[in-house]
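Below is one structure, written out as structure tokens; the observations come after it.
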Amino acid sequence: MAAKKPSLAIPEPSDQPDGAPQFRILKKAQCPTISGKSDLVYNIACDSQKALHIRVASNSGGGFFSQEWVALKDIQKALSAGSPISAIRLMPLFRGQSVNTPGFLLAVLAAEGLIRPLPGKQRVHELVQNSDFQARMEKLIGSNANLPDDAAKTKPQ
């Protein structure tokens with residue numbers, strides 16, 4: 001009997017064990033990849049403790065990527081190692097399902113104003129020191145809005 005291939009799909013809420021962390025999607029947005037060859041749809045969510053998480057939800061280019069949620073605190077820790085910042089720095093945040101995912105997350109972070117390209121460089125970035133990202137997310141958390149999304153209540157992977 002052939003081995004069953006693992007599914008990359010995000011489980012439906014009914015598939016979650018009781019007590020599993022759940023997310024409230026605060027923002028769904030679109031941005032280009034760093035190369036500009038395709039567009040990404042990404043989600044920003046908070047958990048019950050109001051901690052932020054980010055995931056890439058889709059890619060118009062058809063390349064493989066992981067939809068796993070990544071805690072903002074883990075992203076910030078990876079970015080705090082100094083400049084310059086490239087996708088390689090984000091690789092440990094993922095379980096190795098695709099080498100595309102760290103670069104896609106880099107594009108999301110740039111779109112949200114957390115990082116910016118170094119002058120004359122496309123794939124090398126630096127932290128934005130006075131980003132308003134946290135204030136924007138706190139406003140969304142405080143709004144108690146919940147964006148409709150089939151996978152809004154998924155556990156982190």
Side-chain angles (χ1 to χ4, degrees), residues 3-13 23-47 51-141 145-157:
K4 184 178 177 182
K5 289 185 179 180
S7 171
L8 297 180
I10 300 296
E12 291 298 317
F23 293 126
R24 179 169 61 100
I25 303 253
L26 302 170
K27 181 175 181 178
K28 289 174 74 172
Q30 185 173 334
C31 70
T33 58
I34 296 294
S35 69
K37 293 180 181 179
S38 63
D39 290 318
L40 305 170
V41 173
Y42 62 94
N43 303 137
I44 301 174
C46 67
D47 61 22
L52 294 171
H53 301 264
I54 300 174
R55 74 168 176 182
V56 176
S58 68
N59 169 24
S60 69
F64 291 109
F65 66 96
S66 172
Q67 289 186 338
E68 62 191 287
W69 290 100
V70 180
L72 180 63
K73 67 177 179 65
D74 294 335
I75 295 168
Q76 290 171 324
K77 184 177 178 183
L79 297 178
S80 69
S83 284
I85 298 166
S86 68
I88 292 169
R89 177 124 17 118
L90 301 174
M91 289 185 98
L93 300 176
F94 300 96
R95 289 199 206 112
Q97 294 183 15
S98 171
V99 296
N100 295 329
T101 311
F104 289 174
L105 179 59
L106 201 67
V108 169
L109 298 174
E112 287 296 326
L114 291 165
I115 60 172
R116 65 177 163 236
L118 285 172
K121 306 282 184 179
Q122 182 181 12
R123 290 180 167 80
V124 182
H125 295 74
E126 65 184 353
L127 279 173
V128 172
Q129 295 302 321
N130 297 316
S131 171
D132 67 345
F133 176 80
Q134 194 68 41
R136 289 185 288 124
M137 294 303 110
E138 287 175 14
K139 187 174 181 180
L140 290 173
I141 290 169
N146 189 21
L147 295 178
D149 187 287
D150 292 339
K153 295 184 177 181
T154 60
K155 68 176 184 174
Q157 302 194 11

About how many Å separate [atom2] of [Y] and [atom1] of [X], when rounded to the nearest 0.5 Å?
| X | Y | atom1 | atom2 | answer |
| --- | --- | --- | --- | --- |
| Ser60 | Leu40 | OG | CG | 7.0 Å |
| Ile75 | Leu93 | CD1 | CG | 6.5 Å |
| Gln76 | Leu114 | CD | CG | 7.5 Å |
| Leu105 | Glu68 | CG | CD | 10.0 Å |
| Leu52 | Phe133 | CG | CZ | 5.5 Å |

May I ask you to test the [X]-[Y] pair for a side-chain heavy-atom distance under 4.5 Å?
| X | Y | value |
| --- | --- | --- |
| His53 | Asn43 | no |
| Arg24 | Ile141 | yes |
| Val70 | Ile54 | no |
| Leu109 | Ile85 | no |
| Leu72 | Met137 | no |

Between [X] and [Y], what is the shortest heavy-atom contact and its length?
| X | Y | value |
| --- | --- | --- |
| Val108 | Tyr42 | CG1-CD1, 3.5 Å |
| Leu90 | Pro102 | CD1-O, 3.6 Å |
| Leu79 | Ile115 | CD1-CG2, 4.2 Å |
| Pro32 | Asp39 | CA-OD1, 3.5 Å |
| Pro84 | Val124 | CB-CG1, 3.1 Å |
| Pro117 | His125 | N-CD2, 3.3 Å |

Donor-acceptor contact present, side-chain [X] to main-chain [Y], <3.5 Å:
| X | Y | result |
| --- | --- | --- |
| Gln67 | Ala57 | yes |
| Arg123 | Ser86 | no |
| Arg136 | Glu112 | yes |
| Ser38 | Asn59 | no |

*asked:* Just to verify, what does Arg116 make a side-chain hydrogen bond (donor to acceptor under 3.5 Å, both in side chains) with, not counting sequence neighbours?
replied: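 Once residues adjacent in sequence are excluded, the partners of Arg116 under the side-chain hydrogen bond (donor to acceptor under 3.5 Å, both in side chains) criterion are Glu126.
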
_Residue list, side chain to side chain contact (heavy atoms under 4.5 Å, CB included) with Asn100, at least two apart or on another chain_ =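 Per chain and number, Asn100 pairs via side chain to side chain contact (heavy atoms under 4.5 Å, CB included) with Ser98, Phe104.
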
_Qualifying residues under side chain to side chain contact (heavy atoms under 4.5 Å, CB included), relative to Glu138, sequence neighbours excluded_ =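 Checked Glu138 against side chain to side chain contact (heavy atoms under 4.5 Å, CB included); matches are Gln134.
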
